[in-house]
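Have a look at the structure below before the remarks.
Bear in mind that the values here come from a model prediction, so they are computed numbers and not experimental data.
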Amino acid sequence: MVSKRDYYEVLGVDKGASKDDIKKAYRKLAVKYHPDRNPGNKEAEEKFKEATEAYEVLSDDQKRPIYDQYGFAGLDGMGGGAQGGYSHAFHDFSDLFGGGGFSDIFENLFGGGFGGSSRRRSASDPAQGETLRYDLNISFKEAVYGTKSEIVFRHQETCTECHGTGGAAGSSRKTCPTCNGMGQVRRSAGFFAVQQTCPTCGGTGTTIDKPCSKCRGSGFETVTKRMTLTIPAGVDDGKRIVIPHMGNAGANGGPAGDLVVILNVDNHECFERDGQDLYCAIPVTFAQAAVGVTLKITSLDEKEIEFKLPAGTENGKLFKIRGEGVPVTNSSRKDDLYIKVLVQVPTKMNSEQRRLMEEYARIENATTSPKCVRLSSLK
């Protein structure tokens with residue numbers, strides 16, 4: 001199911017955006033959707049909350065990297081988001097709107113300052129639909145070798161009853177009774193009278209006399225979609241797959257938004273990944289490391305690989321097996337697998353094992369007064 005909209009999409013910035021870019025984007029949206037500028041407008045209030053939630057996370061040096069790596073799931077329990085209030089936004093208002101003086105703040109909040117007016121938005125203006133985010137969990141092996149996954153999500157499509165007009169059959173648009181077709185209303189603010197977008201018509205200057213019963217005048221209906229997504233081999237955790245025009249439908253013939261699928265790759269019980277290389281560790285006995293042995297290990301694609309451990313292998317030794325790593329995108333080549341050897345010293349021995357080890361120690365005749373060395377010299 002589709003989760004909340006991607007925070008970067010909400011603010012309209014790239015994933016690599018700077019703090020200043022994020023603040024500027026939030027300031028623009030906060031000005032547009034601030035409750036003081038849109039009294040009684042629930043849609044604007046929700047957009048303000050959404051923008052504030054996105055800003056709180058993306059402007060936070062601790063929350064942002066967690067969100068980038070794990071998405072919304074990583075923020076659970078961290079207090080991420082607005083939590084239904086505006087505490088962070090109001091706390092930072094002097095910072096967000098500062099620098100231009102009182103008149104600039106006044107103009108930002110109320111759209112035109114002392115007697116000015118903003119452009120009236122036509123009810124027939126095309127508008128692009130919203131981009132949606134979908135978080136998809138896949139296994140480590142699926143990320144390495146690629147897979148096909150069915151996703152189920154919900155998005156808005158143009159209403160099939162009214163074809164996006166928002167009106168019932170025979171309905172028509174009338175001049176908005178609140179603003180008399182101006183798209184703006186005057187509001188008193190202390191000693192001043194200011195103008196703001198009309199809360200009844202949303203600035204269009206018109207209303208529908210008979211709203212569509214199916215979409216209740218919105219022009220959209222929510223539809224559940226199923227589709228099979230092809231995930232290429234070698235994708236990384238956090239990979240973004242953009243499906244064009246599968247977000248919410250646009251208004252008045254405007255283009256639909258995109259559906260952005262974020263891949264969350266699960267950990268594997270044996271293997272780890274560094275770029276296109278795979279890593280794993282295998283335990284060997286003290287005797288195997290000392291005299292050498294041929295080992296058989298199972299690769300990620302469940303193929304049996306013979307691995308020759310040379311005599312005298314030290315603990316932590318790293319070996320490379322070529323061509324058993326992650327497939328290179330758009331190529332038949334695979335990178336390498338690295339195996340780290342963990343030599344296990346026996347902690348429990350039977351009498352025969354102890355006798356043989358004691359005999360080995362006698363023959364070895366190692367000193368019992370070794371000379372100490374600096375730890376740094378061992379690195």
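Side-chain contact between Asp6 and Ile262 is absent, with no heavy atoms from C-beta onward closer than 4.5 Å. Leu259 is listed as a side-chain neighbour of Ile151, based on a closest heavy-atom distance under 4.5 Å. A 4.5 Å side-chain heavy-atom check between Ile241 and Val260 finds every atom pair outside the cut-off. Under the 4.5 Å side-chain criterion, counting only non-hydrogen atoms from C-beta, Glu324 is in contact with Lys334.
Counted by atom type alone, Ser59 and Tyr26 present zero donor-acceptor pairs between their side chains at under 3.5 Å. At a cut-off of 3.5 Å, with distance as the only test, no side-chain donor of Asp20 or Ser18 sits close to an acceptor on the other residue. Side-chain contact annotation: Thr222 with Arg154, donor-acceptor N/O pair under 3.5 Å absent. Side-chain polar atoms of Thr160 and Glu221 form a donor-acceptor pair below 3.5 angstrom.
A donor-acceptor pair under 3.5 Å links the side-chain atoms of His155 to the main chain of Met246, judged by distance alone. Asn248 places a side-chain N or O within donor-acceptor distance of the main-chain N or O of Gln156, the cut-off being under 3.5 Å. Side chain of Asp336 to backbone of Gly325: no donor-acceptor contact under 3.5 angstrom is found. Not one N or O on the side chain of Asp274 forms a donor-acceptor pair closer than 3.5 Å with the backbone of Asp277. When atom types are taken as modelled, the side chain of Asn41 and the backbone of Ala44 share a donor-acceptor pair closer than 3.5 angstrom. Checking side-chain atoms of Thr298 against main-chain N and O of Glu302 turns up no donor-acceptor pair under 3.5 Å.
Ion pairing between Lys317 and Glu314 fails under the 4.0 Å rule for side-chain N and carboxylate O. Salt bridge Glu272/Lys340: absent, no basic N to carboxylate O contact under 4.0 Å. Between Asp209 and Arg173 there is no salt bridge, since none of the side-chain N atoms of the basic residue sits less than 4.0 Å from a carboxylate O of the acidic one. The pair Arg362-Glu359 counts as a salt bridge, with a side-chain nitrogen and a carboxylate oxygen less than 4.0 angstrom apart. A salt bridge links Asp335 and Arg333; the closest N-O separation between the charged side-chain nitrogens and carboxylate oxygens is under 4.0 Å. The existence of a salt bridge linking Arg273 and Asp236 is confirmed by a sub-4.0 Å separation between a basic side-chain nitrogen and an acidic carboxylate oxygen.
The CG atom of Asp266 lies 8.0 Å from the CD1 atom of Ile138; values are rounded to the nearest 0.5 Å. Distance check, rounded to the nearest 0.5 Å: OG1 of Thr230 to NZ of Lys148 gives 3.0 Å. If you take CD1 on Ile66 and CG on Asp61, they are separated by 11.5 Å, rounding to the nearest 0.5 Å. Atom SG of Cys176 sits about 13.5 Å away from atom NZ of Lys174, to the nearest 0.5 Å. Taking NZ from Lys320 and CZ from Arg322, the interatomic distance works out to 3.5 Å, rounded to the nearest 0.5 Å.
Taking the six-membered ring for Trp and the full ring otherwise, Tyr7 and Tyr55 have centroids separated by 6.0 Å or more. Phe319 has its ring centre less than 6.0 Å from the ring centre of Phe307. Residues Tyr279 and Phe271 keep their aromatic ring centres 6.0 Å or farther apart.
Two different hydrophobic clusters hold Tyr360 and Leu356 under the rule that ILVMFWY side chains link at heavy-atom gaps under 4.5 Å. Note: the hydrophobic cluster containing Tyr145 also contains Ile297 (ILVMFWY, side chain heavy atoms under 4.5 Å, direct or indirect links). Linking Ile, Leu, Val, Met, Phe, Trp and Tyr residues whenever their side-chain heavy atoms come within less than 4.5 Å leaves Tyr338 and Leu300 in two separate clusters.
Judged by a 6.0 Å distance limit and a 45° cone about the ring axis, Arg133 is positioned over the six-membered ring of Phe72.
Within a 6.0 Å sphere centred on CD of Glu43, heavy atoms belonging to other residues, nucleotides or ligands number 12 at most. Within 6.0 Å of CD on Glu150 lie more than 12 heavy atoms contributed by other residues, nucleotides or ligands. Under a cut-off of 6.0 angstrom, the local environment of CG in Asn350 is crowded, with over 12 non-hydrogen atoms contributed by other residues, nucleotides or ligands.
Residues Leu337 and Cys280 come closest through the heavy atom pair CD1-SG, 4.3 Å. Closest approach of Pro177 and Thr207 over heavy atoms only: CD-OG1, 4.2 Å. Of all heavy-atom pairs between Val144 and Ala233, the closest is O-CB, 3.4 Å.
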